[in-house]
Structure formats: C-alpha cells, structure tokens
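Have a look at the structure below, then the notes.
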Amino acid sequence: QVQLVESGGGLVQPGGSLRLSCAASGSIISLYRMGWYRQAPGKQRDLVASITSGDPGFTNYADSVKGRFTISRDNAKNTLYLQMNSLNSEDTAVYYCNAGARSLGSWYDYWGQGTQVTVSS
C-alpha cells in the first residue's frame, strides 16, 4: 500500500507557475499508474494528467492543460511532480495525487490529502 503526501500549492497570479510534488512512501511509484486530479468547488474531481507505470511511462493530459502542465516522476526520490505554467483562474482547485494499480483482478486507488491551488490577482 502506498501513502501519498502532496505539497507545493498556494496562491499565484494569472500567468504564473507552480510545481506540485507528491511524495510517496510504502511502495515504489513506478509500479503504479500515477495521476494528478483536481476538484473545484461544486464540481467533480477530474483527471489533469497521468503517467503509466514502468520506465519511462507514457503521459496523458486533459485538453485544458495540454501545453501548459507537465507531469513527471523521479523514481530515485519516489516523487511525482506537476509543473504548471501559464496558470489562469480556471486552474483554481484542490489538486490530488493518485496512485492506481491492479492486483488479483481488482483495481486499487490511493489518494493524497490534496493541496490548494488558487490563481488570482
């Protein structure tokens, strides 16, 4: 079982950048499909970006963040990152780190506690 702790959120002006980190413990993140999700007030939690298990892993992005956000993984540090550039107010949300894996025919999801990102002038 993997434990996830996000950090790096905060208040940033439109057009600015932030880098989120997700430190994992209890297991090796390269074994998991890793992803970043976000949830704005009153809205559902949506996938922002993901990276498959293995090395180097294949990435996938929501259309709304393509070209602005980059997901990456440092296996040596067992940490997942989300580099966010050109932020706008629609990126304001709580961002969650997710690890998923299949075991014995069932899919298991693990979540961090979330980190708030607020884009405002």
Side-chain angles (χ1 to χ4, degrees):
Q1 189 169 350
V2 61
Q3 292 80 46
L4 306 170
V5 178
E6 302 99 333
S7 62
L11 174 64
V12 62
Q13 292 187 342
S17 299
L18 279 176
R19 188 177 79 156
L20 304 183
S21 299
C22 173
S25 60
S27 189
I28 302 170
I29 61 171
S30 61
L31 300 177
Y32 295 81
R33 170 201 177 270
M34 301 296 297
W36 287 98
Y37 289 72
R38 66 186 181 187
Q39 187 168 20
K43 295 188 177 181
Q44 66 181 18
R45 189 176 297 186
D46 291 325
L47 177 68
V48 175
S50 64
I51 183 167
T52 60
S53 60
D55 194 9
F58 295 97
T59 59
N60 180 59
Y61 296 91
D63 288 342
S64 60
V65 307
K66 282 182 181 177
R68 300 189 298 123
F69 290 12
T70 303
I71 188 171
S72 63
R73 185 178 63 207
D74 186 330
N75 292 336
K77 295 182 178 180
N78 215 31
T79 300
L80 181 75
Y81 300 100
L82 185 68
Q83 178 66 44
M84 306 186 294
N85 299 328
S86 302
L87 287 161
N88 59 61
S89 59
E90 294 184 349
D91 297 316
T92 295
V94 178
Y95 284 71
Y96 296 91
C97 178
N98 167 268
R102 185 175 300 280
S103 176
L104 300 177
S106 297
W107 183 264
Y108 294 87
D109 277 307
Y110 303 92
W111 296 92
Q113 82 287 352
T115 186
Q116 176 71 47
V117 172
T118 302
V119 184
S120 175
S121 55

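Scope of the values below: all heavy atoms of this structure, side chains included, with no hydrogens, waters or symmetry mates.
With Tyr81 as the aromatic partner, Arg19 meets the cation-pi criteria of under 6.0 angstrom to the ring centre and within 45 degrees of the ring axis.
A donor-acceptor distance shorter than 3.5 angstrom exists from the side chain of Thr92 to the backbone of Val119, with no hydrogens or angles considered. No donor-acceptor pair under 3.5 Å is formed between the side chain of Arg45 and the backbone N or O of Val94. The backbone N or O of Phe58 sits less than 3.5 Å from a side-chain atom of Thr52, completing a donor-acceptor pair. Looking only at distances, a side-chain donor or acceptor of Glu6 sits under 3.5 Å from a matching main-chain atom of Cys97. Using a distance-only test at 3.5 Å, with no hydrogens or angles considered, a donor-acceptor pair links the side chain of Asn78 to the main chain of Ile29. At least one donor-acceptor pair closer than 3.5 Å links the side chain of Thr115 to the backbone N or O of Gly9. Between the side chain of Asp46 and the backbone N or O of Tyr37 there is no donor-acceptor pair closer than 3.5 Å.
Checked by atom type, the side-chain pair Asp74/Thr79 shows no donor-acceptor distance below 3.5 Å. In this model, no donor atom of one side chain and acceptor atom of the other lie less than 3.5 Å apart for Tyr108 and Ser103. Side chains of Tyr95 and Arg38: a donor-acceptor N/O pair is present below 3.5 angstrom, by distance only. If you check the side chains of Trp111 and Asp109, you find no donor sitting under 3.5 Å from an acceptor.
Atom CD of Gln113 has more than 12 heavy atoms from other residues, nucleotides or ligands within 6.0 Å. Around the CG atom of Leu47, the shell of radius 6.0 Å holds more than 12 heavy atoms that belong to other residues, nucleotides or ligands.
For Ala62, the side-chain contact (heavy atoms from CB on, under 4.5 Å) partners at least two apart in sequence or on another chain are Ser64, Val65. For Tyr61, the ring pair (Phe, Tyr, Trp, His ring centres under 6.0 Å) test picks out no residue, with sequence neighbours left out.
The minimum heavy-atom distance linking Leu4 with Ala99 is given by the pair CD1-N, 3.7 Å. Of all heavy-atom pairs spanning Pro14 and Ser120, the tightest one is CD-C, 3.6 Å. Here the closest non-hydrogen pair linking Ala93 and Ala40 is CB-N, 3.8 Å.
Note that the OG atom of Ser27 and the OH atom of Tyr110 stand 8.0 Å from one another [nearest 0.5 Å]. Taking OG1 from Thr70 and CD1 from Ile51, the interatomic distance works out to 11.0 Å, rounded to the nearest 0.5 Å. One distance of note links OG of Ser53 with CG of Leu31; it measures 7.5 Å at 0.5 Å rounding. Within the model, atoms CG of Asp55 and CZ of Arg73 stand 6.5 Å from one another, a figure rounded to the nearest 0.5 Å.
For the pair Gln116/Leu11, no side-chain contact is recorded, criterion being any heavy-atom separation below 4.5 Å from C-beta on. Counting heavy atoms from C-beta outward, Ser50 and Arg33 have side chains that approach closer than 4.5 Å. Two residues are said to be in side-chain contact when any heavy atoms from C-beta on lie closer than 4.5 Å; Trp36 and Leu80 meet this criterion. Residues Leu82 and Phe69 have side chains in contact (heavy-atom distance under 4.5 Å, counting atoms from C-beta outward). The closest side-chain heavy-atom distance from Met84 to Ser17 is not below 4.5 Å.
Note on Leu87: it does not cluster hydrophobically with Tyr96, by side-chain heavy-atom contacts below 4.5 Å among ILVMFWY residues. Using a 4.5 Å cut-off between side-chain heavy atoms of Ile, Leu, Val, Met, Phe, Trp and Tyr, with links allowed through other members, Leu18 and Val48 fall into the same hydrophobic cluster.
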